[in-house]
Novice: 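Before we start, here is the structure in question, set down as structure tokens.
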Amino acid sequence: MRILVTGGAGYIGSHTVRMLEKEDHRVIVYDNLIKGHHESVKNSCFVEGDLFDTKLLKETMEQYKIEAVVHFAAYSLVGESMENPQLYYHNNVNGTLNLLNVMQECGINKLVFSSTAAVYGEPELIPIDESARKEPTNVYGRTKLIMENAMADYAKAYGLKYIALRYFNACGADEHGDIGEDHTPESHLIPLVLQTCLGKRDAIKIFGDDYPTEDGTCIRDYIHVNDLAKAHILSLKALFKGAESAVYNLGNGNGFSVKEIIETAEKVTGITIKKEITPRRAGDPAILIASSEKIKKELGWQPEYTDVEKVIASAWKWHQNHPNGFVEG
Ligand code: UDP
């Protein structure tokens, strides 16, 4: 397969690029490096480019005879999306529409799209399946839902074949420990906990311990980044085999509370972490757990990293090796 990976220098993108290359597919990484790190794909074919650079995007698709696109390039911080919706609508909606239009001009009709559990908002039922009500509670989730709807329209009108993957809480790192999560600013629980273990932060803030859960802290479904990567490859293969467009959840089906994650990190690292209970963070539902039965049944996907200790150990290896993330000159 000859695949263009937009945002391939990002966290989930770089893991997917590595896995695709391991299977000997031809991969072209297309990234503007605003959030991504060139270092994370240093051995890959790389084009530094923006989704809005229509000319370069088209030239790249033509030059490399691209057959399908995996589209990661997007902004993904919930808090930032509420403060600066313009940025999110521009990049995630306009940028993706531009990509769809260029694909259409180049006659490319296969697309795997990064979506998110944030499209659901506050769930009515746990576990959440793909047919659940979709009422995002933040701008980030809304931009992804808008694009899911746009892709459905493009599919009907123009024959686009797409698979949208709704990630729950992406985490962990490749076993090699040389690529991993490096966001600026960092807002995700596991990297923040591990940075606290490294002494880079004084304490981990627990955003509310008065939720209706057993220990009072929020429960999330943490899914390893390589399990996500694998789902992208299965999706591409399905599209190449002529599969119809589809939307799938990706989680491992187990929920862990914030306190459980911190305790597991203490066990894995052998370091006691200073904790601070703070008020709830706006927009955080108490419990988010995925049902991923649909992708298991239809594409044969199975998460390998079902043990949260193993997940955190993989992230810990990355953080220990790269306490400052990808340091680039
Ligand atoms: N969280 C926390 N302290 C932090 C960061 C996150 O207590 O410093 C909690 C957050 O409220 C949520 C869970 O950890 O319940 C996972 O948050 P994260 O930002 O990693 O992912 P999200 O669920 O928002 O996608």
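Counting convention: from 1, in listed order, for ligands and their atoms alike. Each residue takes its place number in the sequence, starting with 1.
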Novice: Using the rule given for side chain to side chain contact (heavy atoms under 4.5 Å, CB included), can you reason through Glu62 versus Cys106, listing the C-alpha separation, both sets of side-chain angles and the distance that settles it, and then say yes or no?
Specialist: CA-CA 7 Å; Glu62 285 171 354; Cys106 295; 4.2 Å; yes
Novice: What protein heavy atom is closest to atom 9 (C) of ligand 1, reported as residue, atom name and distance in Å?
Specialist: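 Answer, as residue, atom name and distance: Val258 CG2, 3.7 Å.
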Novice: Please list the nearest protein heavy atom to atom 20 (O) of ligand 1 with its residue and the distance rounded to 0.1 Å.
Specialist: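 The closest one turns out to be Leu189 N, 2.8 Å.
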Novice: For atom 3 (N) of ligand 1, grab the closest protein heavy atom and report residue, atom and distance to one decimal in Å.
Specialist: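 Among all protein heavy atoms, the one nearest atom 3 (N) of ligand 1 is Lys205 O, 2.6 Å.
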Novice: Does this structure show an ion pair linking Lys294 with Glu130, if we count only N-O contacts that are shorter than 4.0 Å?
Specialist: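 The answer is no: the pair does not qualify as a salt bridge.
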Novice: What do you reckon, does Tyr167 put a non-hydrogen atom under 4.0 Å from ligand 1?
Specialist: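 Not so, Tyr167 does not reach ligand 1.
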Novice: Quick one: which residue pairs count as a side chain to side chain donor-acceptor pair (under 3.5 Å) with a foot in residues 76-86, not counting sequence neighbours?
Specialist: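 Passing the test, one end in residues 76-86: Glu80-Tyr88.
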Novice: Looking at atom 8 (O) of ligand 1, what's its closest protein heavy atom, distance included?
Specialist: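 Closest protein heavy atom to atom 8 (O) of ligand 1: Leu192 CD1, 3.4 Å.
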Novice: Checking a contact table here: which protein heavy atom is nearest atom 11 (O) of ligand 1, and how many Å away?
Specialist: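 Result: Asp284 OD2, 2.6 Å.
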Novice: Does the pair Asp129 and Ser291 meet the rule for a side chain to side chain donor-acceptor pair (under 3.5 Å), with working shown?
Specialist: CA-CA 5 Å; Asp129 72 23; Ser291 159; 5.7 Å; no
Novice: Salt bridge or not between Glu304 and Lys230? Use side-chain N to carboxylate O under 4.0 Å.
Specialist: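 Answer for the salt bridge query: yes.
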Novice: Considering only protein heavy atoms, which is closest to atom 5 (C) of ligand 1, and at what distance to one decimal place?
Specialist: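 Atom 5 (C) of ligand 1 sits closest to the protein heavy atom Phe207 CE1, 3.5 Å.
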Novice: Checking a contact table here: which protein heavy atom is nearest atom 22 (P) of ligand 1, and how many Å away?
Specialist: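 Answer, as residue, atom name and distance: Asn169 ND2, 3.4 Å.
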Novice: Let me see the working for Glu244 and Lys161 under salt bridge (charged side-chain N to carboxylate O under 4.0 Å, His left out), right down to the final yes or no.
Specialist: CA-CA 6 Å; Glu244 285 307 315; Lys161 302 283 183 195; 3.2 Å; yes
Novice: Side chain or backbone, does Tyr222 bring an N or O within less than 3.5 Å of an N or O on ligand 1?
Specialist: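 In fact, backbone or side chain, Tyr222 has no N or O that close.
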Novice: Does NE2 in His183 sit with more than 12 non-hydrogen atoms of other residues, nucleotides or ligands closer than 6.0 Å?
Specialist: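 Check passes, neighbour count above 12.
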Novice: I need the nearest protein heavy-atom contact for atom 17 (O) of ligand 1: residue, atom name and distance, please.
Specialist: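 Protein heavy atom at minimum distance: Arg281 NH2, 3.5 Å.
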Novice: So, are Asp202 and Lys274 salt-bridged, with charged N and O less than 4.0 Å apart?
Specialist: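 No, no charged N to carboxylate O under 4.0 Å.
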Novice: Using distance alone, with no hydrogens and no angle criterion, decide if Asp174 and His176 have a side-chain donor and acceptor under 3.5 Å apart.
Specialist: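 Side chains of Asp174 and His176: pair found under 3.5 Å.
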Novice: With nothing but distance in play, are any N or O atoms of Ser187 less than 3.5 Å from an N or O of ligand 1?
Specialist: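 Yes, since at least one N or O of Ser187 sits under 3.5 Å from an N or O of ligand 1.
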Novice: Give the atoms of ligand 1, by number and element, whose distance to some non-hydrogen atom of Cys218 is under 4.0 Å.
Specialist: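 Contacts of ligand 1 toward Cys218, numbered from 1: 15 (O).
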Novice: Do any nitrogen or oxygen atoms of Ile206 come within less than 3.5 Å of a nitrogen or oxygen of ligand 1?
Specialist: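 Ile206 vs ligand 1: no N/O contact under 3.5 Å.
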